[in-house]
*Asks:* 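Next up is a structure, given as structure tokens.
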Amino acid sequence: MDGRVVVITGAARGIGRATAVAFAKEGYRVAGADIAGLASSAMDYEPATPEDLAETGSLVEAAGAEWLPVIFDQRDIAAVREGFAGVVERFGGVDVVFANAGIQGFGSLLEMSDQLWNDQIEINLTGTANVLRVAAPLLVERGGGRIIITSSTQGQHGTLDGSGYSASKWGLIGLMKSAALDLGPHGITVNAVIPGLINTALTRHEDRYAQMIRTGGSEPTGNVDDDERTAAAASQKKLPLGVPWIEPEDVAPLVVFLASDAARMVSGTSFAATGGDSANITA
């Protein structure tokens with residue numbers, strides 16, 4: 001894949017970082033996009049920083065690949081256009097887009113703030129659609145390409161206290177399938193990856209632990225360490241492969257495969273890395 005160009009959103013850490021490094025090892029030139037700052041004050045975890053994005057760049061370059069950091073808020077389609085224009089200026093075009101950026105928050109419909117709902121829908125769903133709307137014409141110019149979207153197991157089932165996140169991730173599956181129909185005639189495949197409980201900042205915080213504990217029928221203590229242990233034990237018991245969390249590096253190979261020539265006839269579908277939790281989801 002020497003010389004191909006991949007753009008990864010949400011590249012500052014987690015799945016985005018792991019995938020950036022995986023693409024680098026395959027010979028891609030890598031553009032890593034991120035807001036690298038506070039996306040929503042309704043979230044209960046530390047936001048990514050410019051330093052996080054720089055660390056991803058260091059790892060990509062250590063793997064022998066060219067790197068370009070890009071900072072934008074994907075809710076702002078003008079900023080997305082400017083960011084992609086910078087990628088084209090630097091690398092000459094785009095071959096693969098991994099639309100991975102997103103946020104996650106929790107709250108009952110009875111108590112949810114407007115911000116908690118709106119930020120998840122606008123960042124996860126509308127923001128991802130903005131990325132696809134900007135990127136797709138660039139792939140058409142290239143004569144084809146690959147788009148991979150990060151959805152979630154919570155985009156395949158209901159989620160206690162997580163209606164905003166589930167709605168956004170279900171929406172991404174619909175977006176993926178529709179985009180596959182629109183873009184297939186141009187030689188562009190569109191697929192989704194379905195991560196389970198991943199060992200990232202998005203998962204490792206009190207609100208998420210509390211949600212997992214309530215899903216199991218108990219109440220959290222409010223002590224982060226205690227709730228983390230309880231949530232980890234519940235997750236480990238639930239997942240057939242017996243792990244509490246899945247590492248970002250366990251998702252990255254799926255993305256690289258979907259971007260490869262070997263996946264040229266794969267489009268409009270989803271691939272999961274869930275530690276076996278997919279067995280609990282219908283079809």
*Asks:* Kindly compute the distance separating CD1 (I147) from CG (L175), expressed to the nearest 0.5 Å.
*Replies:* 9.0 Å
*Asks:* Please test L183 against L139 for side-chain contact (heavy atoms from CB on, under 4.5 Å), starting from the C-alpha separation and ending with a verdict.
*Replies:* CA-CA 9 Å; L183 301 177; L139 298 181; over 6 Å; no
*Asks:* Taking all heavy atoms of L239 and all of P244, pick out the closest pair and write down the distance.
*Replies:* CD1-O, 4.5 Å
*Asks:* Does anything in residues 209-218 form a salt bridge (Lys or Arg N to Asp or Glu O under 4.0 Å)? List the pairs, not counting sequence neighbours.
*Replies:* R214-E219
*Asks:* Taking Q236 for the side chain and G242 for the main chain, is one N or O donor matched with an acceptor at less than 3.5 Å?
*Replies:* yes
*Asks:* Are the side chains of R264 and T189 in touch, meaning some heavy atoms are under 4.5 Å apart?
*Replies:* no
*Asks:* Which residue pairs pass the side-chain hydrogen bond (donor to acceptor under 3.5 Å, both in side chains) test with at least one member in residues 52-63, sequence neighbours excluded?
*Replies:* R17-T56, T49-D52
*Asks:* Is it true that N100 and T9 share a donor-acceptor pair across their side chains at a distance under 3.5 Å?
*Replies:* no
*Asks:* Rounded to the nearest 0.5 Å, how far does CG of N191 lie from CD1 of I149?
*Replies:* 9.0 Å
*Asks:* Spell out, as yes or no, whether a donor-acceptor pair under 3.5 Å connects the side chain of S235 to the backbone of A231.
*Replies:* no
*Asks:* For a quick test of reading the model, state the closest non-hydrogen atom pair linking A24 to A65 and the distance between them.
*Replies:* CB-CB, 3.5 Å
*Asks:* Quick one: does any side-chain atom of T274 pair with a main-chain N or O of S278 as donor and acceptor, under 3.5 Å?
*Replies:* yes
*Asks:* Using ring-ring contact (aromatic ring centres under 6.0 Å, His included) as the criterion, list what pairs up with F23, not counting sequence neighbours.
*Replies:* Y28
*Asks:* Under the salt bridge (Lys or Arg N to Asp or Glu O under 4.0 Å) rule, what pairs show up with a residue in residues 172-188, not counting sequence neighbours?
*Replies:* none
*Asks:* Output side-chain donor-acceptor pairs under 3.5 Å for residues 245-256, partner residues at least two apart or in another chain, one line each.
*Replies:*
from	atom 1	to	atom 2	distance (Å)
E247	OE1	N199	ND2	3.4
E247	OE2	N199	ND2	3.2
D250	OD2	E247	N	3.4

*Asks:* Distance-only, no hydrogens or angles: does the D34 side chain make a donor-acceptor pair with backbone N or O of V70 under 3.5 Å?
*Replies:* no
*Asks:* Between R208 and M212, is the side-chain contact (heavy atoms from CB on, under 4.5 Å) condition met? List the steps.
*Replies:* CA-CA 6 Å; R208 183 60 164 128; M212 293 169 66; 3.7 Å; yes
*Asks:* Working to the nearest 0.5 angstrom, can you tell me the gap between S41 OG and Q115 CD?
*Replies:* 3.5 Å
*Asks:* Over all heavy atoms of both residues, which pair between R4 and D261 is shortest? Give the atoms and the distance, please.
*Replies:* NH2-OD1, 3.0 Å
*Asks:* Quick one: closest heavy-atom pair of I71 and A36, and the distance?
*Replies:* CD1-CB, 4.2 Å
*Asks:* Should V224 and L202 be counted in the same cluster of Ile, Leu, Val, Met, Phe, Trp and Tyr side chains packed under 4.5 Å apart?
*Replies:* no
*Asks:* Let me check something: any side-chain donor-acceptor pairs from residues 78-94 under 3.5 Å, sequence neighbours excluded? List them with distances.
*Replies:*
from	atom 1	to	atom 2	distance (Å)
R90	NH1	W67	O	3.4
R90	NH2	W67	O	3.4

*Asks:* What residues form a side chain to side chain donor-acceptor pair (under 3.5 Å) with T128, not counting sequence neighbours?
*Replies:* none
*Asks:* Give the intermediate values and the outcome of side-chain contact (heavy atoms from CB on, under 4.5 Å) for residues S163 and M112.
*Replies:* CA-CA 9 Å; S163 57; M112 182 183 297; 3.3 Å; yes
*Asks:* Any Lys/Arg nitrogen of R75 or D119 sitting under 4.0 Å from an Asp/Glu carboxylate oxygen of the other?
*Replies:* yes
*Asks:* Taking only distance into account, with no hydrogens and no angle test, what donor-acceptor pairs under 3.5 Å do side-chain atoms of residues 266-273 form with protein atoms, sequence neighbours excluded?
*Replies:*
from	atom 1	to	atom 2	distance (Å)
S267	OG	V190	N	3.0

*Asks:* So which pairs with a foot in residues 131-157 pass salt bridge (Lys or Arg N to Asp or Glu O under 4.0 Å), sequence neighbours left out?
*Replies:* D95-R142
*Asks:* Can you name the nearest heavy-atom pair linking S168 to L125, along with the distance?
*Replies:* O-CD1, 4.1 Å
*Asks:* Does the pair M43 and L116 meet the rule for a side-chain contact (heavy atoms from CB on, under 4.5 Å), with working shown?
*Replies:* CA-CA 8 Å; M43 303 302 111; L116 181 59; 3.5 Å; yes
*Asks:* Do I213 and D227 have side chains that get closer than 4.5 Å, going by heavy atoms?
*Replies:* yes
*Asks:* If I take atom OG from residue S108 and atom CD from residue Q211, how far apart are they, to the nearest 0.5 angstrom?
*Replies:* 12.0 Å
*Asks:* Output the distance between atom CD (Q74) and atom CG (N130), rounded to the nearest 0.5 Å.
*Replies:* 7.5 Å
*Asks:* With sequence neighbours excluded, give me every ring-ring contact (aromatic ring centres under 6.0 Å, His included) pair touching residues 198-242.
*Replies:* Y45-H205
*Asks:* Let me check something: do F72 and V5 share a hydrophobic cluster, defined by ILVMFWY side-chain heavy atoms less than 4.5 Å apart, either directly or through other members?
*Replies:* yes
*Asks:* If I compare all heavy atoms of V131 with all of A99, which pair ends up nearest, and what's the gap?
*Replies:* CG1-CB, 4.3 Å
*Asks:* Is there side-chain contact between L258 and V193, with at least one heavy-atom pair below 4.5 Å?
*Replies:* yes
*Asks:* Would you say I35 and V134 are hydrophobically clustered, going by side-chain heavy atoms of ILVMFWY under 4.5 Å?
*Replies:* no
*Asks:* Does T203 use its side chain to pair, donor to acceptor, with the backbone of I198 at less than 3.5 Å?
*Replies:* yes
*Asks:* Donor-acceptor pair, S166 side chain versus Q154 backbone, under 3.5 Å?
*Replies:* yes
*Asks:* If you round to the nearest 0.5 Å, how far is OG1 of T126 from CD of Q120?
*Replies:* 12.5 Å
*Asks:* Could you list who else is in W170's hydrophobic cluster, with ILVMFWY side chains joined at under 4.5 Å, directly or through other members?
*Replies:* none
*Asks:* Under a 4.0 Å N-O cut-off, is there an ion pair linking D226 with R229?
*Replies:* yes
*Asks:* ring-ring contact (aromatic ring centres under 6.0 Å, His included): which pairs involve residues 105-145, sequence neighbours left out?
*Replies:* none
